[in-house]
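A short worksheet on the structure shown next.
Below, all heavy atoms of this structure are taken into account, side chains as well, without hydrogens, waters or symmetry copies. Every chain is numbered from 1 and lettered A, B, ... according to where its sequence line falls, protein lines coming before strand lines.
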Amino acid sequence: MKIVPRTVKGMRDFLPDEMRNRNYLISKFREIFEKFGFEPLETPVMEYSDILTGKYGTDGEKLMYNFKDRAGRDVGLKYDLTVPLARIIAQYTQIIKPFKRYQIQPVYRYDNPQKGRYREFYQCDIDIIGTSSIMADAECLSVCSSILTELGFKNFLIRINNRIFLNTLLSDIGFTDSEKIIVLRLLDKKKKVSSEKLDAEALEKGLNSEYFNNLITLLSESEADPVSFLERLRESGTTDGIKALLDLYSFAISLGVQEQNIKIDLSLARGLDYYTSLVWETEIVEPAIGSIVGGGRYDTLVERFSKEKIPCVGISFGFERICFAMKELSLFPKRKEYSGIFITIFNKDTLHESIYIAYELRKSGIPCELYLDKKKLKQQFKYASRKKFKWVIIIGPDEVASGKAVIRDLENSSEEKVDQSSLIDFFINYK
RNA sequence: GUGGGCGUAGCUCAAUGGUAGAGCACUGGACUGUGGCUCCAGCUGUUGAGGGUUCGAGCCCCUUCGUCCACCCCA
């Protein structure tokens, strides 16, 4: 009985065509992260359970992959890249701060798979550790905008808000702390659901409908011109978090974020529990796949591992969704239909001539593929044709005798004979 | 965690409850120094798994697994 080949639920293989796209994306991320001075970091797939738990809320923990290893230790697969980073900061105190790192690795969530959602998926994070400066927050937004622009996205919107402000606002309206959590969840939904449905859900959750209506009214008032709305509020006494939010907005603009790509949205809440003040989220208008980038300031996360209080800010790119969106919008670079050089093996007498040519080309930095099996020329051509090579090189007995090589152009069905010694020049000139 | 659609050859899919099929792909040949086109031949199955109903199940029922989608939540 043969073993049925299959992949574990929610996990995927990436075949070469897809890997080429993914590698392209990763290289773009790296390039821009490094341009802004971020340094690379990797952490293990697994952490001890106590490291992982306690920061994602009960819903998050249901999605955690945790189990015992052979020695009975409680371990889990990492759920995001932020918590391992907090551990790193507490563990390696010699790291110079502010520490700017980037990290591109898979994370794991025991979720039910569906469109664009998997149990293993890549996240791509940058964080700045050890500064409270809002310039750091703004830098994250600038990276976000640079990357999306560089990748070719035109219609994206970064929405920003401050949880401190939102919190104060909710208290002023009259909500209790436990109600606030429910309200924040509902606000996250506001964009997707009709207002009737939202009201119904608020009622169902037992929220004071007068308070809730006040909130919704206030938020919709702010929508048209949030900046002057905030300034009016500031004059009337509510000040918590407003300055930070306005600063972030203006710093981001100075750092090159285009005005049409950024908006203060006072209803933005964000799910993760560990954000403490400024938060942001980016969505692309087309295709509508929700948020593709999210982040914020989380000043208390490192405290779990250390006596020190260390302010942190970061942004996480939804690698899989960006990949999906880029495919939809055809933003990946197109490959030439025919490319590359393929070297045939005529027979065992000419074998070493072919091998030598492959060696010479590769030594000169010209990529080429050498046929590996003993098959008829016809089969070798069929292979070359299916793999869409542009050039096929043939060294048969005639060519060995005359010191020449046949170069066949599969795309144009033409061929020519050149001196073996000028093969390298031929291909260098072609480039 | 909850709900729905779908599981048949490597892939895409057919088959009124009555003999499991086609196209593509693959292997070889026509064509012993040349791919795509054509023609010929060949290969391919516990119909996801287990149970039940029936004279008879790919088809109906139950269970289970997988997959896709939606909700919850999130990237």
Taking the basic N atoms (NZ, or NE/NH1/NH2) and the acidic carboxylate oxygens, is any pair closer than 4.0 Å for R159(A) and E281(A)?
yes

D111(A) atom CG is separated from A70(B) atom P, nearest whole Å, by 12 Å

Quiz item: R117(A) side-chain donor-acceptor pair to C73(B) base, under 3.5 Å
yes

Establish, for the pair R22(A) and F14(A), whether the NZ or CZ atom is under 6.0 angstrom from the six-membered ring centre and no further than 45 degrees off its axis.
yes

OH/Y110(A) to CG/L63(A) distance, rounded to the nearest 0.5 angstrom?
11.0 Å

Show me the donor-acceptor pairs within less than 3.5 Å that the side chains of residues 323-344 of chain A make with the rest of the protein, sequence neighbours left out.
from: K327(A); atom 1: NZ; to: E18(A); atom 2: OE2; distance (Å): 3.2
from: E337(A); atom 1: OE2; to: K388(A); atom 2: NZ; distance (Å): 3.2
from: T344(A); atom 1: OG1; to: I393(A); atom 2: O; distance (Å): 2.8

Dot-bracket line, read 5' to 3' along RNA chain B, where crossing pairs take [ ] and | marks a partner on another strand, Watson-Crick or G-U under 3.5 Å
(((((((..((((....[..)))).(((((.......))))).....(((((..]....))))))))))))....

Rounding to a whole Å, what distance do you find between Y122(A):OH and C74(B):P?
24 Å

All N/O contacts under 3.5 Å from nucleotides 24-26 of chain B to the protein, with atom names and distances to one decimal?
from: C26(B); atom 1: OP1; to: R386(A); atom 2: NE; distance (Å): 3.1
from: C26(B); atom 1: OP1; to: R386(A); atom 2: NH1; distance (Å): 2.6
from: C26(B); atom 1: OP1; to: R386(A); atom 2: NH2; distance (Å): 3.0

Qualifying residue, where the test is side-chain contact (heavy atoms from CB on, under 4.5 Å) with I262(A) and the options are T282(A), L157(A), V257(A), L248(A)
V257(A)

What integer number of Å spans the P atoms of U12(B) and U8(B)?
8 Å

Between atom CD in Q379(A) and atom C1' in G28(B), what is the gap in whole Å?
8 Å

Residues in contact with RNA chain B, drawn from residues 334-350 of chain A - heavy-atom cutoff 4.0 Å
Y338(A), F346(A)

Span that lies between the C1' atom of U47(B) and that of C65(B), in whole angstrom
16 Å

On the six-membered ring of Y118(A), is R12(A) placed so that its NZ or CZ lies under 6.0 angstrom from the centre and within 45° of the ring axis?
yes

5′-ward residue of the pair V293(A)/P113(A) relative to RNA chain B:
P113(A)

When we call it a touch if two heavy atoms are under 4.0 Å apart, what does V406(A) touch: a base, just sugar-phosphate, or nothing?
base

Check the pair L170(A), F165(A) against side-chain contact (heavy atoms from CB on, under 4.5 Å), reporting the backbone distance first and the verdict last.
CA-CA 9 Å; L170(A) 294 183; F165(A) 164 77; over 6 Å; no

Nucleotide A75(B), atom P - distance to OH of Y118(A) in whole Å:
16 Å

Closest of C73(B), G33(B), U34(B) to the D398(A) side chain is G33(B)

By the 4.0 Å heavy-atom rule, please label S316(A) as base, sugar-phosphate, or nothing.
nothing

Report the nucleotide, chosen from G35(B), C73(B), A75(B), that has the shortest atom-to-atom distance to any side-chain atom of L63(A).
C73(B)

From NZ of K378(A) over to C1' of U38(B), roughly how many Å is that when rounded to an integer?
11 Å

Check this one for me: any side-chain N or O of K388(A) less than 4.0 Å away from OP1 or OP2 of G35(B)?
no

For Y383(A) and G35(B), do the ring centres fall under 5.5 Å apart while the planes stay under 30° apart?
no

Between the side chains of S316(A) and D125(A), is a donor N or O closer than 3.5 angstrom to an acceptor N or O?
yes

Ring centres of F426(A) and W391(A) under 6.0 Å apart?
yes

Going by atom types alone, do Y65(A) and E120(A) pair a side-chain donor with an acceptor below 3.5 Å?
no

What distance, rounded to whole Å, do you find between the two P atoms, one in G42(B) and one in G23(B)?
13 Å

P-based separation of A22(B) from A15(B) [nearest Å]
15 Å

Spacing of the C1' atoms in C31(B) and A41(B) (rounded, Å):
16 Å

How far does the C1' atom of U63(B) sit from the matching atom of C24(B), given to the nearest Å?
36 Å

Please state whether the rings of F175(A) and Y211(A) are parallel, tilted or perpendicular, taking 30° and 60° as the class boundaries.
perpendicular

When rounded to whole Å, the CZ to C1' distance for the pair R119(A) and G1(B) reads 12 Å

Verify whether one side chain among Q103(A) and T43(A) offers a donor that lies under 3.5 Å from an acceptor in the other.
yes

With no hydrogens and no angle check, do the side chains of S171(A) and K180(A) hold a donor and an acceptor under 3.5 Å apart?
yes

Below 3.5 Å, does any donor atom in the side chain of Q380(A) face an acceptor in the base of U34(B), or the other way round?
no

When you compare C6(B) with C55(B), how far apart are their C1' atoms, in angstrom units rounded to a whole number?
31 Å

From the candidates G33(B), G35(B), G66(B), the one with an atom nearest any side-chain atom of S385(A) is G35(B)

For atom NZ of K387(A) and atom C1' of G36(B), their distance in whole Å:
17 Å

Using a heavy-atom cut-off of 4.0 Å across all strands, would you classify G294(A) as base, sugar-phosphate, or nothing?
nothing

Using the ring-ring contact (aromatic ring centres under 6.0 Å, His included) criterion, which residues pair with F305(A)? Sequence neighbours excluded.
none

All N/O pairs under 3.5 Å across the protein-nucleotides 40-42 of chain B interface:
none

Can you work out whether E399(A) or R321(A) has the more 5'-proximal nearest nucleotide on RNA chain B?
E399(A)

Could you state the interatomic distance from CG (L52(A)) to CG (L77(A)), rounded to the nearest 0.5 Å?
8.5 Å

Could you tell me whether I394(A) contacts a base, only the sugar-phosphate backbone, or nothing, with contacts defined as non-hydrogen atoms closer than 4.0 Å?
base

With a 4.0 Å cut-off on heavy atoms, is K115(A) in touch with a base, just the backbone sugar-phosphate, or nothing at all?
sugar-phosphate

OP1 or OP2 of A70(B) less than 4.0 angstrom from a side-chain nitrogen or oxygen of Q114(A), does that happen here?
yes

Separation of the P atoms in G51(B) and G56(B), to the nearest angstrom
16 Å

Using 30° and 60° as the class limits, which term best fits the ring planes of Y371(A) and Y383(A): parallel, tilted or perpendicular?
perpendicular

Are K78(A) and D80(A) close enough for a salt bridge, meaning some N to O gap below 4.0 Å?
no

Can you tell me the distance, in whole Å, between the CZ atom of F389(A) and the C1' atom of G36(B)?
16 Å

